[in-house]
Amino acid sequence: MSRASRRTIPRLWLRSGIAVIGLAVGGVIAAVLPGYLLYIATTAIVASIALIGLGVVTGTAGMIALCQLSFAAIGAWVVSWLNLIHAPGGYIVWLLLGCVASAASGLLLGIPALRLRGINLAVITLGFAAALDLTLVKLQFPGADQGTKIQRPWPFDDDRGFFLFAVIALVVAAVVVSIVQAGRWGSAWRSVAFSERGTATAGASVRFAKLSAFAVSAAISGLAGGLLAGQVGMAFPTSFAALQSLALYLLSIVVGAHLIEMAIFGGILWVLIPEIFKRFGISQDWGLVLFGVLGIQAITSKTSPGQLLRNAIARRRPTPECTSSLTDAPPQPPDTAGTPAVGAALLEVSALSVTYGELKALDHVGFTIHENEIVGLIGPNGAGKSTLVDAISGFVPLQSGDVRLQGRSLRRSAPHVRARAGLRRTYQQDRVPPTLTVGAFTKFVGGGASTPHEIDEILDFFGCPDAGTPLASVDVGRRRIVEVAAQLSAKPNILLLDEPAAGLSHEEHEGLALRLVQVPARFGASVLLIEHDLNLVRSVCTSLLVLDFGTLLASGPQEQVLSRPEVKKAYMGETEML
Amino acid sequence: MSGGLVIRELEVDRGAGPVVSGVNLAIEPGTITAIVGPNGAGKTSLLEAISGLLTSTRGAIEIDGEDIVKLSRRQRAARGLVHVEQNRAIFPSLTVRENLELVNSDISAVLEAFPELDKRLTSAAGLLSGGEQQMVVLGRALVATPKFLMIDEMSSGLAPVVVQRLLPIVERFRDAGVGVLLVEQFAHLALRIASRGIVITSGQVTYSGAAAALLSDEALLHRSYLGE
């Protein structure tokens, strides 16, 4: 069985198994728990659902959302209104419509999140929560003044039945979120939490990742709100107050709500702590204070009980054996052809200029890279090498000039559009999200271009750690190589590599060189390589570009360029190193 | 022994089992020690534990006979321990000059080592290229008047011509009585100027001896890398 697919099949069974067990446990609880406790248990389930939703946007996608219960209020409002006007379809349909309305409001609120992050996003979302809070108090929920009760669906119309209904809703929400988290959307969310640039480089739209996180999160909260309305029989603005949203956010940080079991644990705490306070005659509001204190602790220690638990389990599990390494001899090149002949023009950069304020970072740089060509880009520090890669991949605006891929101008294309067109790159800084595994990252970056078997081959070829290895446990040097392998799994036309060998040992440099030479034949991609190690450049690149002070100092066949006196003076110094 | 940076039976655990264990080291003033070893061997973790970025789980770290294990990073720095980190910790919104002058108002030594920075002094450090940022970070260490200088991946991202200029500067530190600890992926580069070579594999010291022996004996280096 292949390395990448090994884990997915059992995971499907695991998910179904846990879902069935969850339903069974819910059934038993529904049968044995006395009335009042059952009512509280229903509240815990509803809170768990809200926390699962919150976990998507805060835990996984790394954005602050302090208005989770406002989305719940929208769900509850829609259910109350449809109930009041006796809309067709009944409670379950109303509930789903509530989710849709919440998702739509989540999308709207996600729009500012495209530009804002951190404290500014916190202010916006808390402001939204406060505004909606006041509006609801003024407006009241539909049917509240006449005391219209919400019609629960048969056969869940009594409290025991409704508890079971809530359990089913929780299981459905948990399964859906866990599937989405494990898929391409989930990878995009984790990636955007770590690096927006890295996300765009994977061909994923940062805009879509952020908006989808907000929408999914809001939809699940809408479900929680609709359930709460059904449980109480009527919705009240106090259940959805801004302060409650804030407390729920803190709780999600405390438990680590992006992990589903921890969201459920959080839901239990949400009702248990105030309930314990009540038993001892202490005001339930102190529960919020306790969440606040725990939240401060969790934020300052940057960890959560859920994550600690998972770490402890990971520690017991033996670290996966690394089956291959960069220092092994690389597999033979495919026997169809040795080195394929250099083909037609692929990437044409013409008269490209970039300025940072007064600084001219690139000045009328022009060159062409052909099919099956490996071109080295060298130059002193600060010459503009990384800026050139940024400009070609769309991350800095061009002052003038054009970038054409297979004759098509990319000048006006967003970075993720360029990535999808087959122009891929890697980074000098670490932009590989540590929350993903090697396999999940490769699948995400590859965007479905390679089969699981092909992904295995690529990872093997570059001596990458096993697909199941968390990237957090891979050192920075090897993460860069995983990044190279992942970008190649997207089957690009051209790959721009920004110092891929930084952080690798001398032996690994040699291993990388032996593999990079094979890239055109094996993966059909041309390469532009920024590198300071001249041995690597010599053994891999057929031709060279030399940048100095933002202008192209020299270009041409490798030996010719390296023997030019001005190149030696600007770059290599008198004697050669390494 | 009174002078020096001494590490005894050091263990570091980052949460998933020890990444450094049972490491003994002695860095004498006026010497250069090179730590080499494969990727993920624990070299960076070892430096981070010495400077206090990571908490060590066991063992002792002494500067001139004083145990510094319980001291904070700042207190260790106050005792002359300077650590140049791998991830280029600069203040991106401050200018290059401000970044350097935070450490010492006399930055002439930096400009001597890296004349490239002269033109960039008034630019925000965050706008610099990766290699130039590395120069700023190294430059800060140069003017920090260290007693013990630890550099993680000195050559990373630097053009060959710059690396060449850097080696004599490190040697100058040694001649001024500073104990230097280099972690370098390019083993040969570091071993060439070091008197002592240490190989670390899977968190443990597999070779400790003369740097020249490692440099001249390719087989010995390989054996040590494999942990035999």
Side-chain angles (χ1 to χ4, degrees), chain A residues 303 307-308 311-312 314-317 319 322 325-327 356-359 361 378-387 427-430 465 470 472-478 481 498-499 501-509 530 532-534 549 568-578, chain B residues 13-19 36-45 86-88 114 116-117 119-120 122-124 126-136 152-153 155-167 183-192 202 218 221-222 225-226:
Chain A
T303 186
Q307 205 53 56
L308 289 176
N311 286 351
R315 198 183 309 194
R316 295 180 121 230
R317 202 181 289 160
T319 38
C322 200
S325 139
L326 257 190
T327 48
Y356 292 130
E358 289 157 34
L359 183 75
I378 62 172
N381 295 117
K385 301 185 294 295
S386 294
T387 303
Y427 288 92
Q428 197 180 355
Q429 306 90 347
D430 180 26
S473 68
V474 179
D475 64 85
V476 180
R478 249 177 312 185
I481 302 306
D498 195 349
E499 296 192 29
L504 295 182
S505 68
H506 184 59
E507 289 74 15
E508 287 168 315
H509 272 229
I530 298 184
H532 284 304
D533 175 8
L534 283 177
F549 296 115
K568 279 191 171 168
K569 184 166 172 290
Y571 186 61
M572 292 184 275
E574 299 80 40
T575 54
E576 207 175 293
M577 298 300 307
L578 310 177
Chain B
D13 189 332
R14 305 185 86 145
V19 287
V36 299
N39 249 308
K43 305 186 293 292
T44 296
S45 297
Q86 203 177 3
N87 55 8
R88 298 180 188 150
F114 306 114
E116 292 89 343
L117 291 182
K119 292 188 293 288
R120 298 270 198 264
T122 52
S123 317
L127 291 179
L128 263 53
S129 79
E132 288 170 328
Q133 291 184 4
Q134 174 80 346
M135 293 180 200
V136 174
D152 202 351
E153 301 292 352
S155 69
S156 168
L158 294 179
V161 66
V162 181
V163 178
Q164 244 180 86
R165 255 189 278 131
L166 214 52
L167 296 181
V183 162
E184 184 61 55
Q185 290 286 3
F186 282 90
H188 294 257
L189 186 73
L191 291 171
R192 207 178 305 161
S202 306
E218 201 63 39
L221 187 62
H222 272 270
Y225 263 59
L226 296 170

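As the structure is a prediction and not an experimental result, all values here were calculated from the model. As a basis for the values below, the full set of heavy atoms in this structure was taken, side chains included, without hydrogen atoms, waters or symmetry mates. In what follows, every chain begins at residue 1, and chains take the letters A, B, ... in the order their sequences are listed.
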**Report entry** Under 4.5 Å from a heavy atom of chain B, the part of A/Phe549 involved
**Finding:** side chain

Query raised in the report: Looking at B/Ala187, B/Ser156, B/Gly130, which one has more heavy-atom pairs under 4.5 Å with chain A than the rest?
Result: B/Gly130

Query - Interatomic spacing from OG in B/Ser155 to CD in B/Gln164 - rounded to 0.5 Å - result: 12.5 Å

Query raised in the report: For the side chain of B/Gln134 and the backbone of B/Glu153, is there at least one donor-acceptor N/O pair under 3.5 Å apart?
Result: yes

**Report entry** Atom pair NZ (A/Lys385) and NE2 (A/His532), whose distance is rounded to the nearest 0.5 Å
**Finding:** 4.0 Å

Report summary line: Okay, A/Asp475 and chain B: the region with an atom under 4.5 Å from a heavy atom over there is side chain

Query - Structural part of B/Lys119 lying under 4.5 Å from a heavy atom of chain A - result: side chain

**Report entry** Side-chain (A/Asn381) to main-chain (B/Ala159) donor-acceptor, under 3.5 angstrom
**Finding:** yes

Query - Heavy-atom donor-acceptor pair, B/Gln133 side chain to B/Leu128 backbone, under 3.5 Å - result: yes

Query raised in the report: Side chain, backbone, both or neither: which part of B/Arg120 has a heavy atom under 4.5 Å from chain A?
Result: side chain

Query raised in the report: Is it the backbone or the side chain of A/Gln429 that comes under 4.5 Å from a heavy atom of chain B, or both, or neither?
Result: neither

